[in-house]
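Note sheet for the following structure.
Naming convention: chains lettered A, B, ... in sequence-line order (proteins, then strands); numbering from 1 in each chain.
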Amino acid sequence: ANERERARMRVLSKAFGRLKTTLPWVPADTKLSKLDTLRLASSYIAHLRRVLHYED
DNA sequence: TAGGCCATCTGGTCCT
DNA sequence: AGGACCAGATGGCCTA
């Protein structure tokens, strides 16, 4: 059970890593906590929404 | 040294 | 029954 849980968490961490790479203006080697990654991704999405709305 | 972040373990709950 | 998911606890590491 431990081993599986560890593997599951590794997958989660990798996903955070991938999410980080999708964020613009964030250099690939930047240290970013998971929380920061989440917050930046969230604000980026908000930004994108504004852009889309503006172009209507 | 306090606070933030992380990985890990563990027990409980939900799903298949 | 067994695996996936989740949340709480714990300990180590790093930085302001």
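With hydrogens and angles ignored, the 3.5 Å screen pairs a side-chain donor or acceptor of K20(A) with a backbone N or O of T30(A).
For the OP1/OP2 pair of dC6(B) and a distance below 4.0 Å, the side-chain nitrogens and oxygens of S13(A) include no atom meeting the criterion. For R6(A), a side-chain nitrogen or oxygen approaches OP1 or OP2 of dC9(B) to under 4.0 Å. A close approach under 4.0 Å does occur between a side-chain nitrogen or oxygen of K34(A) and OP1 or OP2 of dA7(B).
A straight line from CZ of R8(A) to P of dT8(B) spans 13 Å, rounded to a whole angstrom. dC6(B) atom C1' lies 12 Å from atom CG of L12(A), rounded to whole Å. Whole-Å rounding puts the M9(A) CE to dC6(B) P distance at 10 Å. Whole-Å rounding puts the E3(A) CD to dT10(B) P distance at 13 Å. Note: CD (E5(A)) to C1' (dT13(B)) measures 13 Å, nearest angstrom. The CG atom of L35(A) sits 10 Å away from the P atom of dG4(B) (whole-angstrom rounding).
At the heavy-atom level, R4(A) lies under 4.0 Å from the strands shown only through sugar-phosphate atoms.
Using a 4.0 Å cutoff to heavy atoms of chain A, the contacted part of DNA chain C runs 5' to 3' from dG3(C) to dA7(C).
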### Task
Please report the C-alpha distance between F16(A) and L38(A) in whole Å, then the side-chain angles of each, then the deciding distance to 0.1 Å, and finally whether the side-chain contact (heavy atoms from CB on, under 4.5 Å) criterion is met.
CA-CA 8 Å; F16(A) 268 104; L38(A) 229 35; 3.7 Å; yes
### Task
Kindly determine whether L52(A) and R49(A) satisfy side-chain contact (heavy atoms from CB on, under 4.5 Å), including the steps that lead there.
CA-CA 5 Å; L52(A) 285 175; R49(A) 289 179 57 87; 5.7 Å; no
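Across every non-hydrogen atom of D36(A) and S33(A), the tightest pair is N-OG, 3.0 Å.
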